[in-house]
There are 2 protein chains.
Amino acid sequence: MDTMRETDMPTGEELHPDLISSVHADMPAEEMLYDLAELFRIFADSTRIKILYVLFEAEMCVCDIAQVLGMTQSAISHQLRVLKQAKLVKFRRDGKTIYYSLADDHVRTIIGMGMEHLCE
Amino acid sequence: MDTMRETDMPTGEELHPDLISSVHADMPAEEMLYDLAELFRIFADSTRIKILYVLFEAEMCVCDIAQVLGMTQSAISHQLRVLKQAKLVKFRRDGKTIYYSLADDHVRTIIGMGMEHLCE
DNA sequence: CTTTCATTTGAACAACTGTTCATATGTTAT
DNA sequence: ATAACATATGAACAGTTGTTCAAATGAAAG
């Protein structure tokens with residue numbers, strides 16, 4: 001509701017008023033952009049990336065993943081929790097052990113995209 | 001150089017020894033996975049996502065971006081620095097103002113990929 | 001040169017994140 | 001029951017991150 005002119009203004013804080021309002025109108029909802037950042041945050045840790053990479057090849061139980069990555073079972077379990085909540089991995093129970101696997105192929109695509117960007 | 005058998009072992013910490021060694025062999029270099037996580041870390045902040053989204057539409061100067069996002073010029077400048085270092089944006093100077101724009105189309109693809117994952 | 005404006009930079013602080021350690025849950029076998 | 005094992009969870013701690021504030025560049029104009 002501001003009544004500022006589009007030309008000949010004091011230029012206090014904005015240099016290109018019409019560009020600003022045009023761009024602002026085309027922005028996705030605040031919440032969507034927040035969710036997007038939150039999604040990328042999941043991939044923003046090398047332990048989680050490693051876990052996902054491991055699961056590219058086969059479903060695996062927690063202690064095997066820990067073994068492959070040379071990390072504590074507890075640390076892996078904590079990260080699997082994050083991946084689980086983000087719906088990036090799924091799991092099934094077989095007796096005492098729990099097998100984790102990729103939830104869908106989107107994970108592969110997103111990580112592949114990142115890899116492609118790096119290798120250039 | 002451990003000489004453990006592949007069958008009939010005490011199962012101290014690993015449940016599936018051959019799977020472990022096979023998967024471990026197929027893993028990309030430690031450093032590569034670290035770099036990959038670092039790349040996603042750039043996208044893992046909603047301010048940076050917003051900046052990139054704004055630059056989808058047009059090149060823009062710092063104060064205009066700040067205006068669109070309703071944030072301090074200083075905050076935007078700090079984040080542009082991060083994006084610049086990651087080679088995700090480039091800039092040109094025109095007198096006093098500096099115009100930022102997307103470095104290449106990879107940014108668009110990666111963010112698009114994330115969006116696609118969210119909208120399902 | 002001095003002023004003004006766009007931007008950058010550094011220090012400081014609060015908020016967040018990942019790992020560790022100890023402990024709890026849940027399952028199987030004895 | 002109890003023991004052994006795979007996994008999960010909570011608290012705590014160090015390390016990292018994003019914003020703010022104040023001050024510093026750097027460029028154009030008077």
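Protein chains get the first letters and strands the later ones, always in sequence-line order, with residue 1 at the start of each.
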Distance check: side-chain N/O of [X] vs OP1/OP2 of [N], anything under 4.0 Å?
X	N	answer
Arg41(B)	dT17(D)	yes
Thr47(B)	dT19(D)	yes
Gln79(A)	dT17(C)	no
Tyr100(A)	dA8(D)	yes

Please report the distance, rounded to the nearest Å, between [atom1] in [X] and [atom2] in [N].
X	N	atom1	atom2	answer
Arg48(A)	dG18(C)	CZ	C1'	8 Å
Phe40(A)	dT17(D)	CZ	C1'	19 Å
Lys96(A)	dA6(D)	NZ	C1'	7 Å
Ile42(B)	dT16(D)	CD1	P	15 Å
Glu38(A)	dC16(C)	CD	C1'	13 Å
Ile65(B)	dT19(D)	CD1	P	14 Å
His16(B)	dA6(D)	NE2	P	10 Å
Phe91(A)	dA6(D)	CZ	C1'	14 Å

Original post:
Would a distance-only check, ignoring hydrogens and angles, find a side-chain to backbone donor-acceptor pair under 3.5 Å from Arg41(B) to Ala44(A)?
Top reply: no
**OP:** Examine distances only and state if a side-chain atom of Asp105(B) and a backbone atom of Arg108(B) form a donor-acceptor pair shorter than 3.5 Å.
**Re:** no
Of all the choices, [options], which nucleotide is nearest to the side chain of [X] once you look at every atom?
X	options	answer
Ile98(A)	dG26(D), dT9(C), dA8(D)	dA8(D)
Ala75(A)	dA8(D), dT20(C), dG18(C)	dT20(C)
Thr72(B)	dG26(C), dT20(D), dA27(D)	dT20(D)

Original post:
Between His78(B) and dT9(C), do the rings stack, that is, sit under 5.5 Å apart with planes less than 30° off each other?
Top reply: yes
**OP:** May I ask you to establish whether Lys90(A) and Tyr100(A) are in a cation-pi arrangement, using a distance under 6.0 Å from NZ or CZ to the six-membered ring centre and at most 45° from the ring axis?
**Re:** no
**OP:** Would you mind classifying the nucleic acid contact of Thr97(B) as base, sugar-phosphate or nothing, using non-hydrogen atoms under 4.0 angstrom?
**Re:** sugar-phosphate
Original post:
Are any non-hydrogen side-chain atoms of Met71(A) and Lys50(A) less than 4.5 angstrom apart?
Top reply: no
Subject >> Closest-nucleotide 5' rank along DNA chain C - winner of Arg81(B) and Met71(A) >> reply: Arg81(B)
**OP:** Would you kindly confirm whether Leu80(A) and Tyr99(A) end up in one hydrophobic cluster when ILVMFWY residues are joined by side chain heavy atoms under 4.5 Å apart?
**Re:** no
Original post:
Taking for each residue the nucleotide of DNA chain D bearing the nearest heavy atom, is the 5' side occupied by Ser74(B) or by Val82(B)?
Top reply: Val82(B)
